[in-house]
Number of protein chains: 2
Amino acid sequence: MNHSPQTKPDYERELRRAGVRITRPRRVILDILAATEDHPDAMEIFQRASSIDKSISLSTVYRTMKLLEGMGAIHRHAFEGGPARFEQASGDHHDHLIDLDTGDVIEFHSNRIEELQDEIARELGYEIVHHRLELYGRRRKAGNRK
Amino acid sequence: MNHSPQTKPDYERELRRAGVRITRPRRVILDILAATEDHPDAMEIFQRASSIDKSISLSTVYRTMKLLEGMGAIHRHAFEGGPARFEQASGDHHDHLIDLDTGDVIEFHSNRIEELQDEIARELGYEIVHHRLELYGRRRKAGNRK
DNA sequence: CGCTAGTTGCAAACGATTTGCAATTGCATT
DNA sequence: AATGCAATTGCAAATCGTTTGCAACTAGCG
């Protein structure tokens, strides 16, 4: 059994170490997250979970997401409009470009931008705890020169 | 009668031109917005409005904000956690630094960052429609050198 | 295998925002 | 100034995403 492109962390181990019980619902949700490449919202996770175990409730999905978020295992994003979307925290830091037409989320990173952010905060007398950079755009059509 | 630091636009004129009726509730809300320097949420605007005219309803505040947003007269911000906060669109573009301890919002702008954003989007084959850059931080204490 | 605290599903509660509807009111027209 | 009608309002109820109280259930230590 091999693993996916991005680092797939052993959540169960992490959870156990944190003194959290590994229940059946949690195992199912964890598996789903580990196998996920996109940024699903709670309802999507709930549906994927339901197809594996009909008895899992939406509340449990929410509770588990909150738990994992608290542990730093996942990140919660509140993109414009829609419900919160989640992603594994395992990879390295990145920001998001959201396709306004499809809702697709593309990850990107810019050290330069981060540096500038720090610089700006410092000048204002602040220390950045975290930030949020989201670009909302549309695919450039072939004809769109200029 | 003179005007405040930032450009205070003549909303009534703008609205009339857009074929929108100037009602009493709207006039009150418009005055509040014109006199506002911060980033109030709907409830705050509602309260300020109520103190002028008890009959104004929260629904009307929401409806008016949506109307103004649609006209591009105000911007709606969904900062972490809390309810949407509004600000006049009159000034020039800027991003926000939110003080995690006080909730204060500080405006800043960086051409360099905007350029980098465009560049990144272009490389990914996208055209930015709008973006959202929020820094969440804490005041640096005097002793916090480095 | 039994015990107990941690977890669950359910339904109800929540906060922010939107909406249906009947009553009201701008305002263009006489 | 009086008329007419569509735009707008206040209210209450509805909506959406998310959280919570509670009694039943269960992981996993001993």
Side-chain angles (χ1 to χ4, degrees), chain A residues 11-32 39-71 73-86 103, chain B residues 11-32 39-71 73-86 103:
Chain A
Y11 287 132
E12 289 203 21
R13 171 182 280 274
E14 267 191 66
L15 282 169
R16 273 223 169 65
R17 198 179 321 135
V20 176
R21 288 190 188 169
I22 305 304
T23 62
R24 177 148 168 58
R26 279 181 186 156
R27 209 187 308 272
V28 171
I29 294 170
L30 255 22
D31 285 351
I32 289 169
H39 302 66
D41 59 38
M43 187 53 68
E44 281 159 2
I45 295 170
F46 169 61
Q47 284 161 354
R48 296 181 202 180
S50 290
S51 74
I52 295 171
D53 180 342
K54 301 290 283 181
S55 78
I56 291 173
S57 77
L58 181 54
S59 319
T60 295
V61 171
Y62 275 112
R63 278 191 279 234
T64 303
M65 299 325 280
K66 176 163 289 193
L67 179 76
L68 295 175
E69 190 189 2
M71 293 179 43
I74 61 171
H75 290 312
R76 171 192 301 257
H77 300 295
F79 297 136
E80 278 194 350
R85 298 171 67 167
F86 307 90
Chain B
Y11 287 132
E12 290 204 19
R13 172 181 279 276
E14 266 190 67
L15 283 170
R16 273 223 168 65
R17 198 180 319 136
V20 177
R21 289 188 186 169
I22 305 305
T23 63
R24 178 149 168 58
R26 279 182 186 157
R27 210 188 309 272
V28 171
I29 293 170
L30 254 23
D31 285 351
I32 289 169
H39 301 67
D41 60 36
M43 187 53 68
E44 281 158 2
I45 295 170
F46 169 62
Q47 283 161 353
R48 296 181 203 181
S50 290
S51 75
I52 296 172
D53 179 342
K54 301 291 282 181
S55 78
I56 291 172
S57 77
L58 181 55
S59 319
T60 294
V61 171
Y62 275 112
R63 279 191 278 233
T64 303
M65 299 324 279
K66 177 164 288 193
L67 178 76
L68 295 174
E69 190 189 2
M71 294 179 43
I74 61 170
H75 289 312
R76 171 191 302 257
H77 300 295
F79 298 137
E80 278 194 352
R85 298 171 66 168
F86 307 90

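Every value quoted in this text rests on a predicted model; they were computed, and no experiment measured them. Note on naming: letters A, B, ... go to the chains in the order of the sequence lines (proteins, then strands), and numbering restarts at 1 for each one.
- Rounded to whole Å, atom P of D:dT8 lies 9 Å from atom CD1 of B:I22.
- The A:S59 side chain lies nearest to D:dT19 when the options are C:dC27, D:dT19, C:dT18.
- The nearest whole Å value for the distance from the CG atom in A:L68 to the P atom in D:dT18 is 15 Å.
- Using the six-membered ring where Trp is involved, A:H75 and A:H77 have ring planes that are tilted, between 30° and 60° apart.
- Distance check, rounded to the nearest 0.5 Å: CD of A:E44 to CZ of A:R85 gives 6.5 Å.
- Put simply, the side chain of A:I45 does not reach to within 4.5 Å of the side chain of A:R48, judged on heavy atoms.
- As judged by a 4.0 angstrom heavy-atom cut-off over every strand, A:R16 is placed among residues touching the sugar-phosphate backbone only.
- A:F46 places its CZ atom 16 Å from the P atom of D:dC16, with the value rounded to the nearest Å.
- Along DNA chain D, the nucleotide nearest B:G19 and the nucleotide nearest A:R27 are compared for position; the residue whose nucleotide lies closer to the 5' end is B:G19.
- Comparing atom distances between the B:R26 side chain and each of D:dT8, C:dT8, D:dT19 picks out D:dT8 as nearest.
- Per the geometry, NE2 belonging to B:H77 stands 14 Å off P belonging to C:dT17, to the nearest Å.
- Taking 4.0 angstrom as the limit, B:Y62 places none of its side-chain polar atoms (N or O) nearer than this to OP1 or OP2 of C:dT18.
- Nearest-nucleotide positions on DNA chain D for B:S57 and A:R85 put B:S57 closer to the 5' end.
- Using a 4.0 Å cut-off, some side-chain N or O of A:K66 falls inside it from OP1 or OP2 of D:dT19.
- Side-chain N/O atoms of B:T23 include one lying less than 4.0 angstrom from OP1 or OP2 on D:dT9.
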Using side-chain contact (heavy atoms from CB on, under 4.5 Å), reason through B:D31 and B:I52 one step at a time and then give a plain yes or no. CA-CA 10 Å; B:D31 285 351; B:I52 296 172; 6.0 Å; no
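- Nearer to the 5' terminus of DNA chain C, by closest-nucleotide assignment, is the contact made by A:V61 (compared with the other of B:V20 and A:V61).
- For the pair A:L58 CG and C:dA11 C1', the interatomic distance rounds to 13 Å; values are reported in whole Å.
- One finds the CG atom of A:L30 at 6.0 Å from the CD atom of A:E12 (value rounded to the nearest 0.5 Å).
- Taking atom CZ on A:F79 and atom C1' on D:dG17, their separation rounds to 16 Å, with Å as the unit.
- When each of D:dT18, C:dT17, C:dC21 is scored by its nearest atom to the side-chain atoms of B:A42, the top-ranked nucleotide is C:dT17.
- Taking atom CZ of A:R63 as the reference point, atom C1' of C:dG6 lies 11 Å away to the nearest angstrom.
- Across the interface with DNA chain C, nearest-nucleotide mapping of A:I56 and B:R76 shows A:I56 to be the residue nearer the 5′ end.
- The separation between A:L15 atom CG and C:dT7 atom C1' is 13 Å, rounded to whole Å.
- For A:R21 against C:dA5, a side-chain N or O and a base N or O form a donor-acceptor pair under 3.5 Å.
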